[in-house]
Number of protein chains: 2
Amino acid sequence: MAGVKRGSKIAEAIAQDILSQICDGGLTVGSQLPSETQMLADYGVGRGSLREALRILEVHGIIRIKSGPGGGPVVTGATTRDFGRMATLFFQASGITFREVIDARLVMEPVIARLAAQNCDREQREGLLAARTSTESDDAYLKTSANFHRRIASMSGNRILNLISHAIEDIFHERVVGMLFPPEKRDDVVDAHDAIAEAITSGNADEAERLMRDHMAEYARYVEARYPALVDEVVAWH
Amino acid sequence: MAGVKRGSKIAEAIAQDILSQICDGGLTVGSQLPSETQMLADYGVGRGSLREALRILEVHGIIRIKSGPGGGPVVTGATTRDFGRMATLFFQASGITFREVIDARLVMEPVIARLAAQNCDREQREGLLAARTSTESDDAYLKTSANFHRRIASMSGNRILNLISHAIEDIFHERVVGMLFPPEKRDDVVDAHDAIAEAITSGNADEAERLMRDHMAEYARYVEARYPALVDEVVAWH
DNA sequence: AAGCGATATCTATGCGCATAGTTATACGAG
DNA sequence: CTCGTATAACTATGCGCATAGATATCGCTT
């Protein structure tokens, strides 16, 4: 690897330029980029090269290409899910298993909780306390439970850690859609969430970290018991 | 984003298939994949679609495309640098600055040091103790200093965290090549590295974490003082 | 007003041809 | 044996043409 230089192909250069235009041009989700025909004229390249560039951006979730009148690339704004998807490409290449994904969460979530306890502002505190995990229905449980963790990650004060934390979680939940704790265990989850929220909002970083570590360890044990084959499965990109 | 479905284009499907073949076929760095012409026959698609697929893999560092006789895609094996590069695409899209990169390191490295203290085996311990940071020359300093951190990340016991830690560091060092602490401060760095190594190898996780946190805080202060404009610069993909 | 069908406009993909650049290999000269 | 050159084999990129699919818009009918 040492001597291998990253070749800058036309497609990559165009993709980078388009990305810069999106970022520097104040474009937001839903913004329409010039059509392919217009871009061909603007960049003075062949259709193939432009298609390659657009595909790179599309596969990262930066744009979506709309066909039909008024069509062309539309800014979609990459999500943590997109980041997680791209990460799975690397994970697959490295043979990384879901066990490692869960283990990484085991490490990251307590750290995030500690940071949240140290960094959150008043509005975030109020939001966290208000966002109780619901056991009313399976749907409500799934939604509010995931929202709990995402909210904490958002409070960490660092967008990179937020992104990574979300992405790791997304990777798992893309593979196992709608993983439900059994109903009789959900009250325990709610209690754990509440205790964590209490620790975070009262600024008790040590306690937040400890409680989250315990909570995630419980989660990891449950996943291992519920999906024993899955945890040794290599993460695949798709 | 909720309703936006990731369209699976031909190019992406082929890229995924090629990646699976690389991973499942026991191919290693340097392995030659079939030539473009052969792949066109194998997949029964147009050259443009295949080119798009190969470009996706190439931009991620999975393959390199060799021209000339015996040419075609060659497995390169993605590095943490490649992962870091892809991450910068997302960081740019999010407007993430180098300050946040450094802050993320501030958080990750102490966690990694703690994990290393908890997880390393005897061989790793011996390796870490033997790998002293050299102040003999600028080159030696750069090399051994970076190697110190990489070695610790490798000892964390989790490849994802290893990958992320490396990638975050690579992002910064791709932007600032050969960042040198001034010679009069290097002995301090060496002392810090030695103390961290001692804590890790004696299994003192708390101490390892604390020392690394102090060390990284010093590093962050130095970077801020040395590159005040850089830290507020948005990370760019290139 | 709402729904349906037709039309226009775009992208998605394939095909064939072309020039240009890169690189491995073979051959000849010193 | 070594070095330089020529050749062959590959990719990189552009161009033009074609069919097919997706989607927005407009007009007509109910």
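Residue numbers start from 1 in every chain, and the chains themselves are labelled A, B, ... in the order their sequence lines are given, proteins ahead of strands.
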Ranking dA9(D), dG14(D), dT11(C) by distance to the side chain of Pro69(B), first place goes to dA9(D)
Ignoring backbone atoms, establish whether Ser49(A) has a side-chain N or O less than 4.0 Å from OP1 or OP2 of dG14(D).
yes
Strictly by modelled atom types, are Asp82(A) and Thr79(A) linked by a side-chain donor-acceptor pair under 3.5 Å?
yes
Assert: residue with more 5' nearest nucleotide on DNA chain D, out of Ser35(B) and Ser67(A), is Ser35(B)
To the nearest Å, how far apart are Tyr43(A) OH and dG14(D) P?
13 Å
Closest approach to the side chain of Glu36(A), judged atom by atom: which nucleotide of dA12(C), dG14(C), dC17(C) is it?
dA12(C)
Rounded off to whole Å, could you give me the CE-to-C1' distance for the Met39(A) and dG14(D) pair?
19 Å
Parallel, tilted or perpendicular: which describes the rings of Phe83(A) and Phe83(B), with under 30° parallel and over 60° perpendicular?
tilted
Does the Lys NZ or Arg CZ of Arg105(A) fall within the cation-pi geometry relative to Phe172(A) - under 6.0 Å from the ring centre and within 45° of the axis?
no
Take the protein atom CG of Leu50(A) and the nucleotide atom C1' of dC10(C), then report the distance between them rounded to whole Å.
14 Å
Rounded to whole angstroms, how far apart are CD on Glu12(A) and C1' on dT11(D)?
17 Å
Regarding Gly46(B), tell me which of base, sugar-phosphate or nothing describes its non-hydrogen contacts under 4.0 Å with the strands shown.
sugar-phosphate
Considering residues at least two apart in sequence or located in another chain, which fulfil the side-chain hydrogen bond (donor to acceptor under 3.5 Å, both in side chains) criterion with Ser20(B)?
Gln92(A)
How close or far is atom P of dC10(D) from atom CD of Gln32(B), stated in whole angstroms?
10 Å
Using heavy-atom distances to pick each residue's nearest nucleotide on DNA chain D, tell me which of Gly70(A) and Ala11(A) is more 5'.
Ala11(A)
Just the rounded figure in Å: distance from C1' of dA12(D) to CD1 of Ile10(A).
8 Å
Taking every heavy atom of Val231(A) against every heavy atom of Thr97(A), the minimum-distance pair comes out as O-CB, 3.5 Å
Rounded to whole Å, the CD-P distance (Glu52(A) to dA12(D)) equals 8 Å
Using whole Å, report how far CG of Leu33(B) lies from C1' of dT11(D).
14 Å
